Each structure stands twice: as C-alpha cells, then as structure tokens.
Amino acid sequence: MKQKLFVYNTLSRKKEEFIPLNAPHVGMYVCGPTVYSDAHLGNCRTYISFDLIFRYLTLLGYKVRYVRNITDAGHLEGDADEGEDKIAKKAKLAQVEPMEIVQKYTVGFRDVMRILNTLPPSIEPTATGHIIEQIELTKEILARGYAYEVNGSVYFDVEKYNKTQDYGALNGRHLEDLLNNTRNLGGQDEKRGKLDFALWIKAKPEHLMKWPSPWGVGFPGWHLECSAMSNKYLGHQFDIHGGGIDLVPTHHTNEIAQNVAACGKNPATYWMHTNMLTVNGTKMSKSLGNSFLPEELFSGENDILNKPYSPMTVRFFMLQTHYRSTLDFSNDAMEASEKGFKRLMNAYDLLPGLKTSAQSDVDIESISNNCYAAMNDDFNSPVLIAELFECSRIINSVHDGKAKIDEQNLEALKKLMQTFLVDVLGLKSEAAANDELPNVLDFIINLRSEAKKSQDYATSDKIRIGLQQIGFQLKDSKEGTTWTKI
RNA sequence: GGCCAGAUGGUCGAGUGGUAAGGCAGAGGUCUGCAAAACCUUUUACAGCGGUUCAAAUCCGCUUCUGGCCUCCA
C-alpha cells in the first residue's frame with residue numbers, strides 16, 4: 001500500500017514514478033470518441049483501460065478529475081483539412097440534423113460504457129459546447145506568432161514552432177523525417193508548410209455546423225478542442241493525458257504544440273497510450289471493415305464467433321492483457337476468458353459461506369501486497385488477475401474442507417476480493433438467469449418431448465401448464481416446439 | 001520507402017540480468033449414482049546468429065518475420 005506507483009510515460013519511453021502536481025488531486029484527460037458512428041470493441045478497450053487507471057488512482061486515495069471529451073464537430077473525413085466533417089456527412093446521408101447524429105451516438109456510447117461497467121468520467125465536455133474557448137485559444141496562438149490566417153482559415157505553423165520547440169517530442173521523430181515522408185496532398189495551397197494543420201477552418205456555404213469567428217464563419221480543427229477543454233477543466237498543466245496509441249503521431253503531437261504555443265507548457269506530465277485491439281493480427285478499425293460492435297459480441301451475431309459473450313467476459317478478456325500490449329481478438333480467446341471469468345466469479349460467490357478455523361493455512365497479506373505491487377507497476381492487470389486466481393484456489397480449497405482459514409485471514413480475503421475484483425477491475429457477477437433463459441427453456445422442452453414420446457402425457461401437460469402459469473406459452477408444430485413470452 | 005514497436009509452450013498472455021506468473025486446452029489422480037464443479041500432480045516455450053557478463057527471455061549488434069504510424073482512426 002505504501003509502495004510507489006510507476007506509470008509508463010510515452011514522452012520518456014520509460015516507467016516513471018507517479019507524482020501528482022497537486023496531490024491528492026489528480027487531473028486526467030482522455031481523448032473520447034467522435035460520435036458519428038457506433039463505438040467498436042477497439043474503442044471500448046481504450047476506455048476500459050483508462051477506467052482501470054481511474055479506479056486504481058481512486059483506490060489509492062487520489063481525488064481524480066477525469067475528463068473525457070465527446071467530439072461532436074470538427075473531425076474531418078479523409079485527407080487533411082479539406083475533407084468533410086464526419087458528423088455532417090452522416091447527417092446529410094440520413095437527412096437529419098447533425099446534432100441528431102451526435103445525440104444518437106453519444107447515447108449509444110454511454111450505454112455501451114455502462115454495460116461494460118466503466119465509471120462515468122467526472123466531466124464529459126463537447127467540442128460544440130466550447131467553440132468560444134477554441135476561438136480564444138486560436139487567438140492566443142496567433143498572437144504568439146505560431147499561426148497564420150489565410151482566407152478565413154487559421155493554420156498552425158509547425159516549422160516555425162519547431163525552431164524553438166521539439167515538435168516530434170512525443171513520437172521521437174525529427175522534423176526533417178516528417179517532412180520527407182509526408183505524402184503530398186492535393187488542395188492544400190493555403191498551407192505554408194506540409195505539416196501545418198488547421199486550428200480554424202472556413203466553412204463552405206453548404207456546411208451545416210459552423211460558427212462566427214474573428215476570421216469569418218467556420219468551425220474548429222479537430223486537435224484544438226482537446227487543448228481548449230483540458231485547459232479549461234484541468235488547467236494549463238495537469239497529470240495524465242491519455243488515448244489510443246494511434247493518436248500519438250498526429251493528434252497528441254499537435255495538441256502539445258498548440259498548448260506549448262499558447263501557454264508555453266506541455267499540458268501533461270504523463271502521456272499514456274493504450275495499444276490496439278487486433279483481429280487476425282490486424283488493427284481493428286472502421287475503415288478496414290474488420291471492426292466489431294460490442295452488441296455483436298453480446299448477441300454472438302458475427303461470423304468469427306461461435307456464440308455470444310457477456311459484457312463482463314469482454315471486460316475480463318481485455319483486462320487479462322496489459323494495456324500497452326496489442327490484444328488479438330478471437331473466438332478461442334473469448335472462450336478461454338469466459339471460463340476463467342466464471343471460475344473467478346464462482347469463487348467470489350462462495351466467499352460469504354466460508355467457515356473459519358482456529359488456524360490458517362493461508363497468508364492473505366502477502367497476496368494483497370502482490371496485488372498492489374502488480375497495479376503499482378504501470379497498472380499490470382494480468383498479474384493482478386493471476387493473484388486473484390490464487391485467491392480463488394484458496395477459496396475453493398477452504399470450501400472443500402481441504403484448507404483452513406482463520407477469521408482474520410478470511411476478513412482480509414473478503415476485503416481483497418472486494419477491492420481488486422470489484423472495485424479495481426470493475427468485474428461483477430452477471431444475472432445469468434436472463435441470458436441463460438432460452439437454454440433453460442430448451443432443456444425443459446426437450447424433457448417434455450421425451451415424455452410425449454413415451455406417451456407420458458401427464459408429465460408433458462404438467463410442464464406445458466406449469467410454464468404457462470409462469471408466463472411462457474408453448475406451441476407444438478410438426479417442426480417441433482417453440483415458446484413465446486405471454 | 002522512412003520511423004517506431006513486437007516475436008515467450010497446443011493456445012491466450014505476464015515477466016527487462018540470477019531456478020520462465022496465470023487462464024484455457026491436454027494427461028494422470030482424488031471426489032462422485034452419472035455428469036459437472038472442485039482439488040492435487042503433470043507435459044515439449046523465450047524467432048535465428050553473434051557479442052557484453054560470473055550469469056541474458058531480459059542489455060548490444062545483425063538477420064528473418066509480424067504489427068503500428070507516415071491520410072481519418074481508440
């Protein structure tokens with residue numbers, strides 16, 4: 001408990017001791033979703049990872065302000081700053097207001113997050129709710145000479161910035177490399193440099209989401225919102241800034257540049273990035289068409305799945321891998337996780353009924369220390385889970401009368417399981433009844449069919465009427481028996 | 001092509017200098033009306049080649065392969 005916490009910092013590429021700027025307060029900003037379509041499993045993994053981090057920091061006694069934005073404007077489709085706003089495009093296709101798209105996918109995202117048992121962030125600010133802050137930030141960057149205006153758009157001057165600052169600090173690249181290896185994009189005549197990016201973009205007449213600004217009617221660039229909102233809610237400097245590892249080279253690099261240009265400071269002490277979820281070794285992404293929706297997993301309706309998996313199985317599956325490793329998704333891996341998860345939860349359910357002895361064969365304190373040590377080592381949930389399996393072995397052994405535990409150790413064990421299994425990993429028993437109901441009914445129906453076959457109609461009627469009384473109607477046909485809820 | 005990661009048993013996946021966690025699967029056993037569960041035991045793993053070191057999965061170099069980023073991405 002008194003051990004130090006170490007976190008891996010992308011800036012230094014090392015694990016560093018976690019020292020908050022203003023303990024016991026901790027500020028954590030995580031880049032949230034762009035709400036133009038459903039969140040897929042890869043997106044979920046990132047937010048589950050930061051949920052774990054949020055939960056553990058809270059356990060350590062920190063008062064965490066966890067800010068996770070909702071991007072509802074400014075995120076452009078396709079190349080650079082010439083594409084169409086993703087949300088506006090979707091709205092046009094569906095013939096609805098952009099904010100209807102935003103509402104639909106925001107609600108959907110929150111539902112999935114709740115189903116996966118992630119805690120809501122402290123603040124969930126939106127880009128459209130902070131247009132003024134973004135305009136002010138753009139003015140500041142212009143005033144300091146790191147941006148320039150062209151025809152109603154404002155661009156960040158990367159090469160000028162790099163003269164006094166290290167633009168590639170986060171991903172460890174030199175500007176020359178970046179310049180030499182950047183694809184030449186068409187239609188970027190307004191930009192002075194290849195790497196320059198938009199802070200404010202002039203809106204074309206047909207553009208749906210636009211706001212007045214000192215440079216004319218337009219909308220903010222994607223990277224700007226995170227700088228503006230982290231500034232507003234966490235200050236110029238805060239502790240942790242996180243997101244998916246794919247945000248490092250562009251989004252977070254630009255974000256740092258904006259903050260340094262405007263305020264002279266890198267906003268976050270620790271930059272933390274979660275690795276990708278892959279399918280057959282390839283990154284899950286919408287554009288590659290290999291993305292999975294959580295709902296497909298919960299329903300089992302996907303070609304590579306043999307069956308549905310519950311939300312807690314999914315959560316457990318993800319936590320069994322360290323957040324900085326890639327995680328490959330497959331039916332076999334899910335099946336293994338499902339069994340492991342059930343084993344863990346079965347043991348947890350046995351806990352209240354355990355009998356104590358005068359002596360104890362087990363030492364819970366050392367396991368507890370191991371649990372803290374695992375999490376203090378850059379939130380190593382796989383190692384934590386291995387310790388919890390050791391607990392489950394102990395619980396089963398005591399339950400079978402093959403091991404003894406005294407009162408004191410049992411209390412410690414209960415506390416440990418509550419703390420790490422429930423509070424930190426965020427796992428919970430699932431009301432299996434509803435999920436398993438169809439199987440149960442099928443089983444009963446089969447029993448009844450057998451009774452019918454042997455002309456035991458007393459039994460078959462008893463089953464049919466009994467089920468009817470508790471709300472299920474059986475229907476016999478040539479093809480077999482089906483049921484409906486009355 | 002450039003830059004950056006990674007390669008651990010049947011499988012998933014921890015481990016950054018000193019006897020290779022854990023889950024799933026497999027084998028044997030205990031228990032059991034059957035089955036399941038549970039418990040005990042157990043099996044061939046550090047991509048390859050060099051180097052540093054008393055000692056390397058771990059550090060360094062080269063090779064091979066895989067992935068990420070370089071365009072939007074969690």
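Naming: A, B, ... by sequence-line order, numbering from 1 per chain. The structure presented is a predicted model; accordingly, all values stated were derived computationally and were not measured.
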Spacing between A:Asp246 atom CG and B:C3 atom C1', to the nearest angstrom: 16 Å
Interatomic distance at C1', B:U66 relative to B:A47, whole Å: 11 Å
B:U19 to B:A57 separation - C1' atoms, rounded to the nearest Å: 14 Å
Reported CZ-to-CG distance for the pair A:Arg173 and A:Leu179, which is rounded to 0.5 angstrom: 10.5 Å
Partner nucleotide, any strand, of B:G1 [Watson-Crick/G-U, under 3.5 Å]: B:C70
Whole-Å distance separating the NE2 atom of A:His252 from the C1' atom of B:A74: 9 Å
Nearest-Å distance once atom P is located in both B:G1 and B:U63: 13 Å
Atom pair distance, as rounded to whole Å: CZ in A:Phe197 and P in B:C72: 12 Å
Partner nucleotide, any strand, of B:A21 [Watson-Crick/G-U, under 3.5 Å]: none
Plane angle bin for A:His252 and A:His273 - parallel if under 30°, tilted between 30 and 60°, otherwise perpendicular: tilted
Aromatic ring pairing A:Phe238/A:Tyr29, orientation class (parallel under 30°, perpendicular over 60°, tilted between): tilted
Base-pairing mate for B:U42 - Watson-Crick or G-U, with both contacts under 3.5 Å: B:G26
Parallel, tilted or perpendicular: rings of A:His223 and A:Phe197 (30°, 60°): perpendicular
Length of the line joining A:His251:NE2 and B:C72:C1', which is rounded to integer Å: 12 Å
Under 3.5 Å on both distances, the Watson-Crick or G-U partner of B:C62: B:G48
Same-atom distance (P) from B:G29 to B:G67, integer angstrom: 44 Å
Sugar-phosphate only, base, or nothing, as touched by A:Gly42 at under 4.0 Å among non-hydrogen atoms: base
P-based separation of B:G10 from B:G51 [nearest Å]: 28 Å
Separation of atom CG in A:Asn280 from atom P in B:U66, rounded to whole Å: 15 Å
Distance between C1' atoms of B:A37 and B:U32 (Å, rounded): 11 Å
Euclidean distance for C1', B:A45 against B:G50 (whole angstrom): 22 Å
B:C4 versus B:G17 - spacing of their C1' atoms, nearest Å: 25 Å
Atom-pair distance (NZ on A:Lys86; C1' on B:U71), nearest Å: 11 Å
Nearest-nucleotide 5' precedence on RNA chain B, A:Asn43 against A:Ser397: A:Ser397
Value in whole Å for how far the P atom of B:A74 lies from CG of A:Leu277: 13 Å
is_close_aromatic(A:Phe341, A:Phe317), centroid dist under 6.0 Å: no
A:Tyr47 ring center near A:Phe109 ring center (under 6.0 Å): yes
A:Lys404 NZ: over 12 foreign heavy atoms closer than 6.0 Å: no
Distance, rounded to the nearest Å, where A:Leu170 contributes CG and B:C3 contributes P: 19 Å
Under 4.0 Å protein heavy-atom contacts per nucleotide of nucleotides 6-24 of chain B, with B for base, S for backbone only and - for none: -------SSS-----BSBS
A:Tyr8/A:His322 aromatic ring centres below 6.0 Å: no
A:Lys283, nearest nucleotide to its side chain (from B:A74, B:C39, B:C4): B:A74
